[in-house]
Amino acid sequence: MSARVLRSGWFKPDLVERLDRDHAAIALPADGSWREFAAEYGQDVEVAVVSGRTGASAELMAALPKLRAVVSHGVGVERTDIAYAAAHGIQVANTPDVLTDCVADTAVAMLLDVMRGLSAADRFVRAGHWPAAGNFRLTRRVSGARVGILGLGRIGLGIARRLEGFGISVSYHNRRPRPDLPYAYASSPLALAKDVDALVVAATGGTDSDQLVDGPVLEALGPRGFLVNIARASIVAEDRMIAMLADGRLGGAALDVFAAEPQVPAELVALDNVVLLPHLASGTQETREAIARLVLANLEAYLATGEVLTPIH
Ligand code: 8YV
């Protein structure tokens, strides 16, 4: 069996079908037997289609001697060894733009939910507390609030634009200031957190952003502050955040990502001031179909021209 295309990780069944039917893709085993598999079947592989969760390690790329392109499903490529790929002339593509709207929509929904206590109020009604306990606790006003965005890339900007509609004053911290935009720039995550009611994490995952939201940043947000994370759990000091949410030093959090997902810490599940989502921000039919189309377009562009369509750099 000599294949040009390898797939690794979980994909929607119709994407798997297209990869296998149209491109005779071979599937890398998810267990330790992948090394023998790559040695036996991977010698002609030019393109690896990988899920963001699986990525392409340096060891995998080294095991595929003809590999020239990695096509990653989703935007996050922190599980792919970008430095190794660059050093070995391997192009890396992700799927930008097509998921921006749905992820930004979800971030706004999470901000509204955690500040207004919507999921908690839903639990309150379902538990039958309303008649005995009376009105639900008072929550926090969203319109006119101050919101900081950590990471003003495509998704961060999509969130900022939406928040403008709420009369929210938006500030941000980004690796590079964006003087072309009307939002106030903060020189660090800490400076950003000091001046806002809520912090929305929209930065890229990976070593550069590891634990950017650390204890002091969470303390700056404080008992009346909220954290929303639609990016990667690695950007936030999760244990510290949980401890502070539990004893009220942090007001609330809405989280779509977790360090050990799909496992969610029991301490978080036990709290009422948190909104917990199963990494669903891009999970609409329309967006997942668009991601799959862009994965195929990248693969087919590489096979036809030797260049992927949406390289990461
Ligand atoms: C998806 C994501 O859950 O794009 C990303 O980096 O985390 C999400 O959009 C993921 O890509 C689905 O495989």
Side-chain angles (χ1 to χ4, degrees), residues 6-19 25 27-28 30 47-57 60 70-82 85 92-110 149-159 162 200-210 212-213 228-236 238 254-264 275-299 308-313:
L6 172 139
R7 62 176 165 86
S8 173
W10 188 92
F11 303 102
K12 263 160 38 82
D14 50 345
L15 177 55
V16 168
E17 193 188 318
R18 290 286 304 273
L19 291 169
L28 192 74
V47 189
V49 177
V50 302
S51 73
R53 180 176 299 238
T54 310
S57 65
L60 172 63
V70 172
V71 174
S72 190
H73 183 283
V75 282
V77 290
E78 73 279 3
R79 298 271 168 89
T80 288
D81 194 324
I82 305 301
V92 178
N94 64 352
T95 61
D97 298 318
V98 293
L99 48 69
T100 300
D101 283 339
C102 283
V103 177
D105 291 351
T106 307
V108 175
M110 290 163 72
I149 300 179
L150 183 60
L152 205 67
R154 294 174 171 91
I155 293 170
L157 187 55
I159 297 167
R162 284 161 173 75
V200 180
V201 181
T204 309
T207 46
D208 287 354
S209 62
D210 199 34
L212 273 185
V213 178
V228 174
N229 191 356
I230 46 86
R232 287 292 183 265
S234 59
I235 304 169
V236 176
E238 191 178 81
L255 309 167
D256 190 40
V257 286
F258 303 88
E261 62 187 52
Q263 305 304 326
V264 175
V275 177
L276 306 174
L277 301 179
H279 201 143
L280 58 62
S282 72
T284 60
Q285 287 183 8
E286 295 87 344
T287 288
R288 289 288 166 81
E289 278 163 19
I291 294 175
R293 279 196 299 275
L294 191 47
V295 164
L296 287 166
N298 268 298
L299 168 63
V308 296
L309 212 55
T310 53
I312 54 166
H313 295 304

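In this chain, residues are counted from 1 in sequence order. Numbering of ligands and ligand atoms starts at 1, following listing order.
- For the atom pair CG of Asp105 and CD1 of Ile159, the computed distance is 10.0 Å after rounding to the nearest 0.5 Å.
- Take Thr54 and apply the side chain to side chain donor-acceptor pair (under 3.5 Å) test, not counting sequence neighbours, and it matches Ser51.
- In terms of modelled atom types and a separation under 3.5 Å, the side chain of Asn229 and the main chain of Arg232 share a donor-acceptor contact.
- Applying the side chain to side chain donor-acceptor pair (under 3.5 Å) criterion to Asp208, with sequence neighbours excluded, gives no partner residue.
- Protein neighbours of ligand 1 below 4.0 Å, counting non-hydrogen atoms: His73, Gly74, Val75, Gly76, Leu99, Arg232, His279, Ser282, Arg288.
- Judged purely by atom type and a 3.5 angstrom limit, Asp256 uses its side chain to pair as donor or acceptor with the backbone of Leu280.
- Here Glu238 pairs with nothing under the side chain to side chain donor-acceptor pair (under 3.5 Å) rule; sequence neighbours left out.
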